[in-house]
Trainee: 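Input: one structure, supplied below.
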Amino acid sequence: MEYVRMAEFSWSVLEPERGEFRFEWLDEAVELVGDHGMQAVLCTPTATPPKWLVDERPEIRQEGPDGTVREHGSRRHYCFNSPAYREETERIVRAVTERYADSPHVAGWQTDNEFGCHRTVRCYCDDCAAAFREWLRDRHGDVETLNEAWGNRFWSQAYDSFEAVDPPGPTPAEHHPSRLLEYARFASDSVVAYNRFQADLLREANPDWFLTHNFMGRFPTLDAFDVSTDLDVVSWDSYPTGFVQDRYAGEASPDQLRAGDPDQVGMDHDLYRSALDRPFWVMEQQPGDVNWPPHCPQPGEGAMRLWAHHATAHGADAVLYFRWRRCLEGQEQYHAGLRRADGSPDRGYHDAVSAAADFAALDDVGHVDAPVAVLFDYDALWALDVQPHAPDFDYWALQEAFYGALRGRGVQVDVIPPDADLDGYAAVVAPALHLVTENLADRLTDYVASGGSLLFGPRTGVKDRHNKLRPALQPGPLTDLVGAAVDQHESLPRRLETRVRRVDGTDDAGGDGSAPDADGTSPFVDPDRFGFRTWAEWLVPDDAVARFVYDTDGVEADRPAVVENAVGDGRVVYCGVWPAADLADDLVVDLLASAGVPHSARLPDGVDVAERGGYTWVTNFTSDAVRLPTVDPDAVVVADGDQGPDEATSNGDQPVTVGPFGAAVFGDHLVDGLVAEKN
Ligand SMILES: [Zn+2]
């Protein structure tokens with residue numbers, strides 16, 4: 001153990017009444033951390049303003065869209081735009097930072113805790129209304145420009161002044177999509193500004209501290225890329241068996257309930273690593289059963305070790321478990337710690353000890369060097385959240401369809417915003433680039449023309465930056481690059497046929513005609529027919545060539561669904577459907593081949609293979625052992641520990657195996673051509 005994070009919710013203990021500070025307990029804890037050769041990461045306690053403060057200044061509280069006040073009694077009940085709360089924040093942050101500015105045992109600070117958790121990014125109070133109007137004035141200049149930008153003649157929604165624009169409260173029908181997108185941006189920007197306010201205070205107290213914030217998993221309302229610009233280290237809180245229950249599009253499998261989904265967790269690892277393009281921290285690693293998901297199954301044997309390895313393979317430089325000991329009081333009594341209520345070691349403690357011993361065997365692992373980027377756009381997420389146009393349309397899930405296919409081939413992926421530099425990526429995937437400016441279209445065209453390989457998903461190039469359609473067919477400014485236009489789109493209930501057919505392959509009628517299974521995989525074996533779900537676009541190629549057409553008897557029959565275009569030295573593929581896993585894999589393998597990116601054979605679901613530095617990690621999120629017939633037993637650096645009889649070892653002529661919920665590390669680059677099979 002090297003780091004101890006403390007005091008993230010301790011305002012009422014640090015300052016039981018205004019101006020009466022009690023630092024002795026924290027002084028003692030910081031000294032104790034130092035005495036044991038560790039470093040403290042302290043937190044500004046602003047996620048929990050104490051009762052006396054709420055009573056004195058009730059205007060700091062958040063309000064919901066209907067005006068319901070978010071009262072004291074849990075956490076995250078303050079408004080990011082409250083001038084009163086800025087004053088109180090400055091007071092408490094100055095007090096705690098001055099106390100520890102000269103401590104040799106404090107390495108850095110976490111701002112607040114899990115900004116926006118419990119859906120608290122968006123507040124609708126009077127302070128937010130005033131701040132929203134100023135934010136709009138800064139962006140639009142005059143209200144006529146705003147009316148034109150949003151298209152406010154529709155349903156008589158024009159404003160005569162910025163003062164007339166309110167936060168979007170309850171209405172009989174849906175809100176204007178441009179207004180909702182702007183409120184989502186404004187709310188996220190409000191958190192960015194509040195975090196920057198804290199970061200400036202912390203750097204003023206001691207510029208040598210590192211600053212971080214602990215983001216949450218699959219977090220939909222806060223632009224983590226924007227917040228991260230004011231941080232030195234990005235961290236996040238990883239709860240794999242919670243996430244598969246409360247923020248997962250499908251129903252979790254038994255294995256996922258025991259260990260989580262490596263792609264769901266991995267995409268967050270990769271997003272937070274990519275935010276600053278440097279190693280990240282897991283600030284809270286699930287230590288066992290937790291209190292907040294619908295159910296709390298015990299993690300699989302060794303799962304807490306597995307998660308530490310998986311995080312490290314994806315670029316983590318530190319994994320901190322939350323919490324040290326099960327809490328005897330308050331809301332989180334059902335949240336495990338590394339130690340049980342009586343202080344004795346719990347299951348997670350033993351796993352943490354194993355992981356620490358494993359990592360001690362590794363040399364410097366460096367930074368992840370990802371050859372492929374997935375473009376993740378919070379604007380697109382928010383716009384599609386406003387107009388999903390299908391009950392089962394979910395931006396994260398569509399991203400994961402493409403991300404999962406890349407991960408299923410052992411490829412490291414950076415998850416980056418669309419305005420990031422694309423130089424250095426052999427291939428780029430943009431699953432649903434919904435809002436596209438001319439500038440972005442030019443940058444993507446340059447990327448392809450100079451030799452890049454680009455794969456677009458559906459619902460790309462639909463809107464301008466104000467969330468309005470253009471006077472042009474989709475994909476708007478990307479039409480020349482794609483070499484095709486979208487003639488029609490449709491969202492599809494499950495009982496309509498959803499199948500495409502390759503047109504440059506063996507075009508035999510091999511299928512049995514049945515619809516794909518609920519998970520999107522095809523029930524028939526035909527290398528040229530694939531399922532899709534939810535969304536379909538009828539493409540009309542101009543310069544592009546059709547690669548897949550709709551293989552149905554419906555109105556879309558035989559129309560192009562996937563097209564390919566050569567532009568300059570590069571190549572672009574536009575996929576007009578939400579691909580099932582088999583189709584996503586087919587498209588991704590084609591992309592990786594054209595970009596010259598080494599990759600593995602298709603990995604079994606729940607198995608993750610990742611290279612970092614000179615090492616290759618194999619992490620197994622399933623209850624089956626995994627055989628690695630292409631791996632030389634001499635390459636084993638960290639075997640699968642004492643997790644049971646199926647450990648990763650060299651055992652005579654037997655192939656290397658990784659046991660259920662196990663993890664192993666190999667001292668070589670092994671992804672190219674790697675085969676992994678479930679036992
Ligand atoms: Zn507010």
Side-chain angles (χ1 to χ4, degrees), residues 8-9 11 44-93 111-140 146 159 161-171 175-176 178-201 213 215-216 219-224 226-227 230 378-379 381-382 385-386:
E8 69 272 30
F9 299 119
W11 195 334
T44 61
T46 45
T48 46
K51 183 62 162 54
W52 60 260
L53 175 53
V54 175
D55 287 345
E56 271 185 36
R57 310 190 81 169
E59 69 271 29
I60 69 169
R61 295 171 302 173
Q62 283 208 345
E63 286 182 25
D66 64 352
T68 303
V69 173
R70 294 169 180 163
E71 299 283 3
H72 180 270
S74 65
R75 59 182 193 177
R76 302 230 55 85
H77 42 290
Y78 72 86
C79 169
F80 292 106
N81 286 305
S82 164
Y85 202 60
R86 291 292 175 97
E87 292 174 14
E88 298 297 334
T89 296
E90 179 167 357
R91 216 176 46 76
I92 189 66
V93 172
T111 56
D112 205 279
N113 185 83
E114 292 176 356
F115 284 135
C117 201
H118 323 299
R119 299 225 157 234
T120 54
V121 167
R122 296 171 194 166
C123 171
Y124 301 81
C125 75
D126 289 346
D127 285 335
C128 283
F132 183 42
R133 291 166 192 141
E134 282 310 303
W135 185 91
L136 290 172
R137 198 189 304 272
D138 286 346
R139 283 173 79 96
H140 296 279
L146 179 147
Y159 299 103
S161 70
F162 285 110
E163 296 311 307
V165 188
D166 300 314
T171 46
H175 273 288
H176 195 300
S178 301
R179 182 181 173 201
L180 285 185
L181 175 59
E182 291 275 70
Y183 206 72
R185 288 169 168 156
F186 155 76
S188 180
D189 282 359
S190 300
V191 182
V192 172
Y194 180 75
N195 179 68
R196 181 171 300 148
F197 181 71
Q198 290 212 8
D200 288 347
L201 293 170
H213 175 75
F215 294 98
M216 253 302 224
F219 203 74
T221 51
L222 178 60
D223 188 324
D226 286 349
V227 176
D230 292 302
Y378 284 96
D379 278 349
L381 189 168
W382 297 331
D385 188 45
V386 171

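Ligands are counted one by one from 1 in listed order, and the atoms in each one are counted from 1 as well.
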Trainee: How would you list, by chain and number, every residue that makes a side chain to side chain donor-acceptor pair (under 3.5 Å) with D138, sequence neighbours excluded?
Mentor: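 Side chain to side chain donor-acceptor pair (under 3.5 Å) check on D138 returns nothing, list empty.
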
Trainee: Is the backbone of Y85 close enough, under 3.5 Å, to the side chain of T89 for a donor and an acceptor to pair up by distance?
Mentor: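 Side chain of T89 to backbone of Y85, a donor-acceptor pair under 3.5 Å: yes, one is there.
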
Trainee: Not counting sequence neighbours, which residues clear side chain to side chain donor-acceptor pair (under 3.5 Å) with E134? List them please.
Mentor: R137

Trainee: Can you list, by chain and residue number, the protein N, O or S atoms under 2.8 Å from the Zn ion (ligand 1)?
Mentor: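 The answer, once waters are left aside, is C79 SG, C123 SG, C125 SG, C128 SG.
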
Trainee: Would you call R185 and D223 a salt bridge, using N to O less than 4.0 angstrom?
Mentor: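 Judged by the 4.0 Å cut-off on N to carboxylate O distance, R185 and D223 do not form a salt bridge.
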
Trainee: Who pairs with D166 by side chain to side chain donor-acceptor pair (under 3.5 Å), at least two apart in sequence or on another chain?
Mentor: R133

Trainee: Determine whether K51 and D55 satisfy the following criterion, salt bridge (charged side-chain N to carboxylate O under 4.0 Å, His left out), listing intermediate values before the conclusion.
Mentor: CA-CA 6 Å; K51 183 62 162 54; D55 287 345; 2.9 Å; yes

